[in-house]
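Working notes, beginning with the structure itself.
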Amino acid sequence: MNLLRSFARNWAFFIGIVVVWQLVTAAVRSPFFPTPATIADHLGRLLLTDAVVHDILPSVGRILGGWLIAVAIGVTLGTALGLTKTGMAYVGSLFAFFRAIPPPALIPVFMILFGIDTTMKLATIVFGALWPVLLNTVDGVRSVDPVKTDIARAFRISPHLRLFMIVIPAALPKIFAGLRISLSIALLLMVVSEMVGVTNGIGYQLRYAQDQFSFPDMWAWVVLLGALGYVFNTLLLVLERRALHWQSDSNIS
């Protein structure tokens, strides 16, 4: 019942914002800020065209592909560094240097290295989405209660089993926090990377609508990006609740 009440409250607030937006934009009648009804009409038309296959699905594939690569690298490398006592002492400053570089600034470099095809876009997404996963994994692995690992050693549990039975489960809350941040970054970088040297994708269509001063279409693509972000975040939260259900069970007990 509490979950249903929270869901209704959140959507009631969202609907209220949309109603206010509709009333204000209908009264102002600015060509730069169309009404939500106009945006919804243009978005519906876009979804009935080949833009779904030609633009939306390729963009979704780039987001998920780049994000999954970043997750695989970040969790693997972060776990290895978290298990060592001096690993971050050697690479910490190097990570801080690269993490401070805005990924869009490296797009020309990635274009030289990989061309202007999908590989360049994936490289941009991976570079930006990697750091939250990597650093949160390191922090999560390092925060594991040493008592648990000492008990596992006393019972002669192999390092392989200790990793997957104790270390990874204990680090999952912080790992998932990094996953949520990196997924938002992947969505952002997908749009940025598709604005350069491509002829399809949500980012390309968004830039094209801006260049053509087609503001309803531009807003339709913006709303679609928001909807995609909401769907991705919701699915990740569902996965997180399933993966961490043991925490709530242990708290209840």
Side-chain angles (χ1 to χ4, degrees), residues 1-49 51-53 55-68 71 125 128-129 132-133 136 172-192 194 201-203 205-206 209-210 214-249 251-252:
M1 182 62 68
N2 291 332
L3 182 62
L4 182 61
R5 187 179 297 116
S6 176
F7 179 82
R9 181 173 60 248
N10 291 337
W11 277 101
F13 180 77
F14 175 79
I15 292 173
I17 293 295
V18 173
V19 170
V20 172
W21 184 6
Q22 174 72 30
L23 295 175
V24 172
T25 51
V28 175
R29 295 184 178 180
S30 171
F32 306 105
F33 298 98
T35 64
T38 302
I39 297 173
D41 178 65
H42 281 254
L43 180 58
R45 295 180 184 179
L46 288 175
L47 295 178
L48 294 176
T49 65
V52 175
V53 176
D55 297 299
I56 298 175
L57 291 181
S59 294
V60 172
R62 290 161 188 155
I63 295 172
L64 296 180
W67 180 69
L68 290 174
V71 169
I125 295 171
V133 181
N136 275 48
L172 274 181
K174 292 190 176 182
I175 292 176
F176 269 104
L179 295 183
R180 291 197 301 271
I181 297 173
S182 67
L183 186 56
S184 300
I185 294 175
L187 179 65
L188 171 65
L189 293 178
M190 177 275 294
V191 176
V192 174
E194 289 182 346
I202 296 176
Q205 292 295 345
L206 180 61
Q210 292 174 342
S214 180
F215 296 108
D217 286 341
M218 181 194 75
W219 280 102
W221 288 110
V222 170
V223 170
L224 178 62
L225 286 171
L228 287 176
Y230 174 81
V231 170
F232 290 153
N233 185 69
T234 301
L235 293 177
L236 188 57
L237 286 175
V238 171
L239 178 62
E240 180 179 4
R241 292 192 186 101
R242 288 182 178 273
L244 301 180
H245 71 279
W246 56 270
Q247 281 194 330
S248 60
D249 294 342
N251 290 335
I252 292 175

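Note that the numbering runs from 1 along the sequence shown for the chain. Just so it is clear, the model here is predicted, and its values are computed rather than measured.
Within the model, atoms CG of Leu206 and OG of Ser214 stand 11.0 Å from one another, a figure rounded to the nearest 0.5 Å. Atom CG of residue Leu187 and atom CD1 of residue Ile125 lie 9.0 Å apart, to the nearest 0.5 angstrom. Here the CG atom belonging to Leu57 is positioned 11.0 Å from the CZ atom belonging to Arg62, to the nearest 0.5 angstrom. One distance of note links CD1 of Ile202 with CG of Leu46; it measures 10.5 Å at 0.5 Å rounding. Of the inter-residue distances, the one linking Phe215 atom CZ with Ile39 atom CD1 reads 12.5 Å to the nearest 0.5 angstrom. Rounded to the nearest 0.5 Å, atoms CG (Leu68) and CG (Leu183) are 9.5 Å apart.
Across all non-hydrogen atoms, the minimal contact from Ser59 to Glu194 is OG-OE2, 2.8 Å. Heavy-atom minimum distance, Leu189 versus Ala129: CD1-N, 4.4 Å.
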Donor-acceptor list for residues 232-239 side chains, cut-off 3.5 Å, not counting sequence neighbours:
residue	atom	partner	partner atom	Å
Thr234	OG1	Tyr230	O	2.8

Exercise answer: donor-acceptor pairs, residues 24-35 side-chain atoms, under 3.5 Å, sequence neighbours excluded:
residue	atom	partner	partner atom	Å
Thr25	OG1	Trp21	O	2.6
Thr25	OG1	Gln22	O	3.3
Ser30	OG	Phe32	N	3.3
Thr35	OG1	Thr38	N	3.2
Thr35	OG1	Thr38	OG1	2.9

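Counting heavy atoms from C-beta on, the side chains of Ile185 and Trp67 never come closer than 4.5 Å. For the pair Leu48 and Arg45, the minimum side-chain heavy-atom distance is 4.5 Å or more.
Every residue meeting the side-chain contact (heavy atoms from CB on, under 4.5 Å) condition with Leu43, not counting sequence neighbours, appears here in chain and number order: Leu47, Ala220, Val223, Leu224.
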Residues Leu225, Trp221; criterion side chain to side chain contact (heavy atoms under 4.5 Å, CB included); working and verdict: CA-CA 6 Å; Leu225 286 171; Trp221 288 110; 5.7 Å; no
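Evaluation of the salt bridge (charged side-chain N to carboxylate O under 4.0 Å, His left out) test over residues 214-233, restricted to residues two or more places apart or in two chains, returns none. Residue pairs meeting the salt bridge (charged side-chain N to carboxylate O under 4.0 Å, His left out) criterion with at least one member in residues 173-183, sequence neighbours excluded, are Asp139-Lys174, Arg180-Glu240. Residue pairs meeting the salt bridge (charged side-chain N to carboxylate O under 4.0 Å, His left out) criterion with at least one member in residues 229-238, sequence neighbours excluded, do not occur.
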